[in-house]
Amino acid sequence: MLPLLFLLAAAAPAPDLTLPRAMELALAGDPSLAADVERVAARHASAAFAWAPFMPMLTVRFDATQRQDPIAGPFFSYFQPEATVDSQVLRGGLGVRGLLPVGTTYELSVDQSVGYYSSVIEALNPRLEPGLRLRLTQPLWRDLSPAATLAAVGVASARVGVAEAEALARRDQVLLGVAEGWLDAVLASGVVALRKQSIDLANTFEKLTRQRIEGGEQSTLDLALALQTVSQREVALARAAAQNEAALAALAQLLYAPNAGAGAGTEAGDAGGLDPAPLGVWPAPDVSAQEATTRAAARSPALSRLRALSDAATAEAARAGDAGAPDIRVGVEGHVRGLAGTSTCQGGYLADGLTPCGVDPSYIGGYDRAYASLGEGRFYSVGVVVTGEIPVWPGPAGAAGLAARHEQAALAAETRAEELRVAAESGRRVRAAADAARVLAAATKSVSLAAAALSAEETKLAAGRSTGFDLTRAQELLIGARIEEFESKVALARAQLRLRAMLGELGPEHGALYP
């Protein structure tokens with residue numbers, strides 16, 4: 001593995017930067033990935049909130065009333081000297097309500113009222129009144145289908161899938177980008193190292209030429225070729241160093257560390273912080289084209305996003321189709337009460353002792369009488385109500401349903417197109433990795449042949465049967481073969497990275513694949 005001495009902002013050189021470590025830095029430093037995490041969390045919260053209408057809600061009610069009503073006419077004024085009738089009532093209730101997926105709304109509540117009523121009113125309104133109420137409302141057409149009732153939940157859940165797919169796609173993009181940037185830096189560093197070796201060969205050739213001039217075997221004119229060779233290779237090294245500097249700067253940008261690699265590779269022969277050791281050959285992904293297609297389709301962010309959008313369109317279609325239906329609802333309500341209290345009707349007369357009165361015994365008593373009446377169900381009410389709304393013009397609702405169905409069809413076509421693209425791309429990447437391995441084998445063989453040719457030219461030159469031109473040409477062939485071999489190693493690594501990215505094997509957690 002080619003290490004990189006990575007300079008952080010205002011910090012000492014960091015340890016060698018391996019590819020897994022570079023991935024970790026990119027994932028930690030990219031603000032867009034942090035935004036994706038927050039967005040996914042927000043979508044999960046929205047999906048949880050979409051279930052709110054279906055969760056039982058505890059209802060609490062409390063009210064207090066103080067009233068002062070006028071006496072109703074002179075007749076009551078004669079028997080009731082007060083100018084008004086006072087009343088104080090406290091009411092409280094506790095219940096639970098909610099919505100079922102079939103559209104049924106329910107409400108169950110218990111309540112209690114305690115009041116004080118003056119004079120005649122007290123005989124007609126008891127002080128204690130516990131009650132039990134149950135209310136059910138059932139739609140007969142609209143909102144009767146669970147698919148339509150749960151459409152909001154389906155849409156919210158689909159948005160979670162979309163956000164997760166977009167986050168995974170961005171993560172793959174970041175990882176592949178930093179991996180390729182790391183390989184670019186490795187390649188640039190390797191070329192610098194090989195260019196340095198080419199200068200060493202040119203210096204050796206110059207030294208040999210000077211020795212042969214001193215021995216009288218060559219003239220000073222032959223030295224010009226050696227000097228020109230050194231100069232040309234120094235120019236090539238300077239260009240490679242500049243490319244290395246650019247590659248390091250690009251990698252630093254991918255890692256969100258702008259000062260990383262600053263000043264590296266500015267001098268000819270400087271490797272720019274990269275170890276010139278050759279790049280090792282990574283283990284090839286053991287996967288066939290068919291298996292790669294299956295795995296890539298299973299974890300493809302684009303396909304996951306399209307499937308989530310299709311689920312959302314299905315939910316929207318159910319909701320849009322339901323919107324044009326008549327909204328007819330049947331409501332049933334039952335209420336049981338237990339009445340009890342005290343009365344001013346003592347012995348059949350009011351407090352004045354003159355006005356006759358009559359009060360049912362059920363109105364007289366305390367809590368025990370009230371709850372007994374409640375249990376007996378003596379005082380109850382049952383009601384049924386039917387309400388409804390029928391669209392006069394169903395055109396807009398029908399258009400919404402038609403639009404939703406067309407959206408479903410469009411997403412189905414896009415999904416099929418993406419499946420074909422993933423299949424073609426995964427097969428292409430499997431073949432690209434295999435082809436890159438064959439190219440590397442050929443490039444390695446070419447290096448062996450070029451090294452053998454250079455050795456032969458050196459032997460021939462020492463025997464006086466070759467020229468400096470032939471030797472420098474053999475050196476250039478060897479240098480070119482070595483650079484091509486190194487480029488082939490990087491190309492193979494790049495092809496493997498792209499294949500593993502489709503398979504979901506690109507990340508810091510897969511560091512063992514990149515020794």
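Quick caveat: nothing in here was measured; it's all calculated off a predicted structure. In this chain, residues are counted from 1 in sequence order.
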Kindly give the heavy-atom pair with the smallest separation between [X] and [Y], and that separation in Å.
X      : Y      : value
Val60  : Leu94  : CG2-CD1, 3.7 Å
Val178 : Ala22  : CG2-O, 3.9 Å
Ala148 : Ala318 : CB-O, 3.8 Å
Ser288 : Val430 : O-CG2, 4.3 Å
Ala50  : Val153 : O-CG2, 3.5 Å
Arg171 : Leu506 : NH1-O, 4.2 Å

How long is the span from the [atom1] atom in [X] to the [atom2] atom in [Y], to the nearest 0.5 Å?
X      : Y      : atom1 : atom2 : value
Leu503 : Ser300 : CG    : OG    : 11.5 Å
Tyr380 : Leu132 : OH    : CG    : 15.0 Å
Arg91  : Asp63  : CZ    : CG    : 5.5 Å
Leu25  : Arg21  : CG    : CZ    : 4.0 Å
Arg39  : Arg159 : CZ    : CZ    : 13.5 Å
Gln112 : Leu90  : CD    : CG    : 10.5 Å

So, [X] and [Y], do they make that salt bridge, N to O below 4.0 Å?
X      : Y      : result
Arg428 : Asp435 : no
Asp322 : Arg319 : no
Arg295 : Glu505 : yes

Given 3.5 Å as the limit, does a donor-acceptor pair link the side chain of [X] with the main chain of [Y], or not?
X      : Y      : result
Ser310 : Leu306 : no
Ser46  : Ala156 : no
Arg135 : Glu333 : no
Arg429 : Arg498 : yes
Thr293 : Ser426 : no
Ser189 : Ala185 : no

So, do [X] and [Y] sit near enough that their side-chain heavy atoms are less than 4.5 Å apart?
X      : Y      : value
Arg299 : Leu168 : yes
Leu339 : Ser373 : no
Val186 : Leu19  : no
Glu425 : Met502 : yes
Asp111 : His335 : yes
Gln496 : Leu513 : no
Glu166 : Asp36  : no
Leu254 : Trp182 : no

Inset, instruction - Provide the full list of side-chain hydrogen bond (donor to acceptor under 3.5 Å, both in side chains) pairs with a residue in residues 96-110, sequence neighbours left out, each pair given once. - result: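 Of all non-adjacent pairs touching residues 96-110, those that pass side-chain hydrogen bond (donor to acceptor under 3.5 Å, both in side chains) are Thr104-Gln138.
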Inset, instruction - Evaluate the salt bridge (charged side-chain N to carboxylate O under 4.0 Å, His left out) criterion for residues Glu376 and Arg369: first the C-alpha distance (whole Å), next the side-chain angles of each, then the deciding distance (0.1 Å), finally the verdict. - result: CA-CA 10 Å; Glu376 294 169 1; Arg369 178 67 257 175; 3.5 Å; yes
Inset, instruction - Give a yes or no on this: more than 12 heavy atoms of other residues, nucleotides or ligands lie within 6.0 Å of atom CZ of Arg305. - result: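 Atom CZ in Arg305 is not packed in, count stays at 12 or less.
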Legend entry - Glu389 atom CD: more than 12 heavy-atom contacts under 6.0 Å: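 No, the 6.0 Å shell around CD holds no more than 12 heavy atoms from other groups.
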Inset, instruction - Indicate the ring-plane relationship of Trp51 and Phe54, choosing parallel, tilted or perpendicular according to the 30° and 60° boundaries. - result: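 Judged by the thresholds at 30° and 60°, the geometry between Trp51 and Phe54 is perpendicular.
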Legend entry - Step-by-step side-chain contact (heavy atoms from CB on, under 4.5 Å) determination, Val89 to Val114: CA-CA 6 Å; Val89 182; Val114 179; over 6 Å; no
